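Structure first, then comments.
FYI, side chains are in, hydrogens and waters are out, and symmetry mates aren't considered; it's all heavy atoms of this structure. Chain naming here is simple, since letters A, B, ... match the order of the sequence lines and numbering starts at 1 in each. Owing to the predicted nature of the structure, the values given are computational and were not obtained by experimental measurement.
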Amino acid sequence: MSKVDILDSLNPAQRSAVTASGGPILVLAGPGSGKTRVLTHRIAYLIREKRVEPWRIMAVTFTNKAAREMVHRVNALLDGDPQGMTLGTFHATCVRILRRESESLSRYDNRFLIFDSADQRRVVSQALADLNIDDSRFQPNRMLNNISNAKNEIVSADDYSANNYPTEITKRVYQRYQEILVANNAMDFDDLLMNAVLLFDEHADILERYQRRYEHILVDEFQDTNTVQYELLKRLSAYHENIFVVGDADQSIYRWRGADFRNIRRFGQHFPKSQQILLEQNYRSTQIILDAAKAVIRRNHDRVDKELFTDRKGGELIKLSEAYNEADEATMVVDTIARLEKDGTLAGSCAVMYRTNAQSRVLEEAFIRAGVNYRLVGATRFYSRREIKDLIAFLRLVYSPIDSVSFGRTINTPPRGIGKKTLEVLYDWAEANGWRPGEALLKLVSNDNIQHPFSGRAYSALTRFGNLLHNWIELSAQITVGDLLDSILEGVDYRSYIDDGTDMGRDRWANVMELLGVAIEYEDHDLGQFLEQVALVSDIDNLEDNADAPTLLTLHSAKGLEFPVVFIVGLADGSLPHSRSLEDGEELAEERRLFYVGLTRALDRVFLSYAFRRTSFGESQVTVPSRFLHDIPVELVEGSNLQKRRRVTIEKASSWDWSRSTPKSHESNVDGGGVRKDLPEPSTRAPSQPSQRARVVTEAKYSTGQNVYHQKFGEGVVIESNLTGIDEEVVVAFSDLGIKKLVASLAKLEIREE
DNA sequence: GGATCTCATGTTTTT
DNA sequence: CATGAGATCC
């Protein structure tokens with residue numbers, strides 16, 4: 001392929017990005033503006049035209065899928081495989097560096113394992129137990145969050161600043177947590193990044209080697225970098241300063257993971273010589289879709305507006321629909337897809353997006369009921385399913401018997417008569433001898449003369465498993481991962497444990513077989529590589545292109561993808577924006593970006609929907625249409641007047657709450673779950689309500705001094721009530737939890753008579 | 001001492 | 001509703 005071909009298909013902005021001479025370059029790329037194109041073409045351009053050797057190029061992405069696609073496209077451009085290029089996710093790239101430099105890691109060897117979030121939870125619980133800390137007062141998840149945040153900011157356990165009791169506890173837990181990881185020769189996800197930075201900071205010579213090597217560094221989705229990642233990039237690029245980053249602040253949706261789109265601004269400050277290139281032409285969506293998306297995102301503060309434009313004038317209007325409940329909403333989606341299909345749209349070109357994985361279930365059921373195939377991304381993620389985790393734990397234990405987390409998971413799985421008491425004795429015995437539990441077990445079977453505290457049943461159960469483990473370890477050196485897994489399955493008779501004949505059992509066994517299939521494919525890789533792959537894949541990575549079925553996925557996993565037809569479901573306040581983000585402006589802004597990301601995935605058509613009633617916790621509640629729907633100009637939407645819809649629904653919601661706080665309301669939990677018979681069916685519901693009811697929200701329902709009860713927060717007293725125009729905002733002082741601000745139509749507040 | 005059951009508890013997004 | 005941890009049963 002010639003130079004002309006590499007640059008030919010690019011617009012002027014794209015071309016100037018691709019051919020920009022060295023130095024720091026910041027490409028601000030709106031959705032659908034050819035971001036990946038610019039990256040891949042620049043790599044091809046550097047290699048072909050600038051004669052940069054591939055091994056001197058590093059390109060980082062956030063998912064393996066994105067990385068693979070880049071490899072694929074670069075290969076196509078260059079008509080061959082550029083050998084030796086470093087192209088992968090941040091995490092994978094760091095692992096590679098850490099393994100290669102493992103001799104310089106003081107506390108790890110190169111067989112270190114990668115602990116996922118389930119492992120992390122076990123470790124943190126262990127840490128809490130070791131420190132005699134009550135895990136109900138200091139929740140493991142909370143602790144893990146704090147630890148993760150610290151690591152993202154490159155703060156080690158010893159540097160963690162403790163200035164009050166809770167932070168003191170966090171510090172101790174962090175320290176203990178880290179000790180356990182090190183004892184297991186394991187790193188968590190955050191360690192992979194932080195340890196890479198620490199390695200560079202402690203070994204200037206190593207850093208220099210990498211700095212000199214990587215003449216060009218390219219970064220995708222730069223808005224999603226967090227502090228560690230940013231610091232890593234700064235270090236690696238310090239010598240050549242050829243750092244080329246592509247990002248869009250409006251698509252930053254990983255704040256909760258420490259990502260900070262302000263890194264985009266920082267980039268300009270840190271590299272004053274940097275060039276900035278704007279990609280504003282959208283090649284993906286119709287004008288209508290783009291206008292809607294722009295109108296939504298424009299309401300966020302603290303952003304630089306891009307003038308996105310498209311040649312695809314006009315287009316189909318966005319369709320907004322209300323369904324009665326989630327099941328109806330799901331059916332509506334399935335029906336719509338069927339109708340589109342009849343008109344010639346390929347089912348595979350449709351995607352259904354939602355805020356949380358839990359929402360996929362109803363959709364799946366509807367698809368199954370209709371006998372329509374679908375592909376699902378995420379949900380209960382494959383590698384976090386119990387049976388898969390079990391088997392990975394076996395493999396990990398074989399690979400690294402000192403891994404006590406995997407040991408704990410497998411020692412009595414399937415149940416083989418090794419209970420709490422026996423384990424306690426084993427742990428004590430191991431500790432007294434300075435062994436890890438797995439080592440102790442192996443000593444027990446490989447050394448006949450060993451002194452041990454076990455007898456009878458416990459001893460035979462332990463040695464039976466110990467022999468199995470011993471065997472697998474021997475085998476692992478000779479046979480493939482697939483055969484090893486097969487041997488494990490057989491050795492512990494895993495099938496009869498997991499497959500109990502029920503549907504669920506069969507599903508679980510099918511998952512096992514799927515894993516076995518993956519393992520068999522890895523034939524020529526060794527066990528260590530297999531485990532690493534498995535630890536670093538995400539579900540989106542396994543999403544194959546050109547499928548013929550609609551895709552179900554979260555808005556988060558939709559980032560970077562595009563579909564001709566996009567459905568976004570569950571557009572109700574509390575779902576999108578998510579209830580946990582309602583009180584924080586920054587988080588709310590992120591929810592809005594999430595919606596923006598969803599909208600901008602669409603090429604041709606967008607279908608938005610929400611359910612009038614939503615089931616959460618098994619209880620059905622009336623919803624309020626998402627506030628974001630407000631911001632889409634009415635003329636872009638087919639059908640109804642959004643404002644009116646929202647108002648009407650709020651009125652209804654309020655009128656229902658009203659009926660709930662009748663004297664009977666104390667038993668409302670008993671029969672409150674079902675559909676109330678006195679309500680009209682959705683199709684027959686009158687478009688407007690009697691004005692008496694309409695006034696419910698324009699008049700305060702709560703007043704200062706009232707005693708109220710909230711299901712979760714308990715007893716409280718109303719301090720203040722404000723009308724916001726569309727709803728009532730109540731400030732309540734709860735006796736247990738202090739002062740909270742609640743939205744009347746969402747919070748289930750019961751008024752208690754004096 | 002171990003397995004099974006029930007109860008409680010708690011659900012955002014992911015490398 | 002689904003998973004996890006304690007209490008009870010075997």
Counting only side-chain N and O atoms of [X], is one of them less than 4.0 Å from OP1 or OP2 of [N]?
X	N	result
Arg355(A)	dT12(B)	no
Thr63(A)	dT15(B)	no
Arg255(A)	dT13(B)	no

Could you tell me whether [X] and [Y] make a salt bridge, using a distance below 4.0 angstrom between a side-chain N and a carboxylate O?
X	Y	answer
Glu586(A)	Arg262(A)	yes
Asp119(A)	Lys389(A)	yes
Lys151(A)	Asp188(A)	yes
Arg255(A)	Asp260(A)	no

Let me know the distance between [atom1] of [X] and [atom2] of [N], rounded to the nearest Å.
X	N	atom1	atom2	value
Leu462(A)	dG2(B)	CG	P	10 Å
Tyr596(A)	dT13(B)	OH	P	24 Å
Ile253(A)	dT14(B)	CD1	C1'	10 Å
Glu387(A)	dA2(C)	CD	P	14 Å
Asn357(A)	dT13(B)	CG	P	5 Å
Arg386(A)	dA5(C)	CZ	P	13 Å
Gln139(A)	dG10(B)	CD	P	7 Å
Leu423(A)	dA3(B)	CG	C1'	14 Å

So Phe62(A), base contact, sugar-phosphate only, or nothing? Heavy-atom distance under 4.0 Å. sugar-phosphate
Heavy atoms under 4.0 Å, any strand shown: does Asn412(A) hit a base, just sugar-phosphate, or nothing? sugar-phosphate
Between the base of dT13(B) and the side chain of Arg257(A), is there any donor-acceptor pair under 3.5 Å? no
Report yes or no: is there a donor-acceptor pair, N or O only, under 3.5 Å between the side chain of Trp256(A) and the base of dT12(B)? no
Cut-off 3.5 Å, side chains only: do Asp248(A) and Gln223(A) have a donor facing an acceptor? no
Would you say His91(A) stacks on dT15(B), if stacking means ring centres under 5.5 Å apart and planes within less than 30 degrees? no
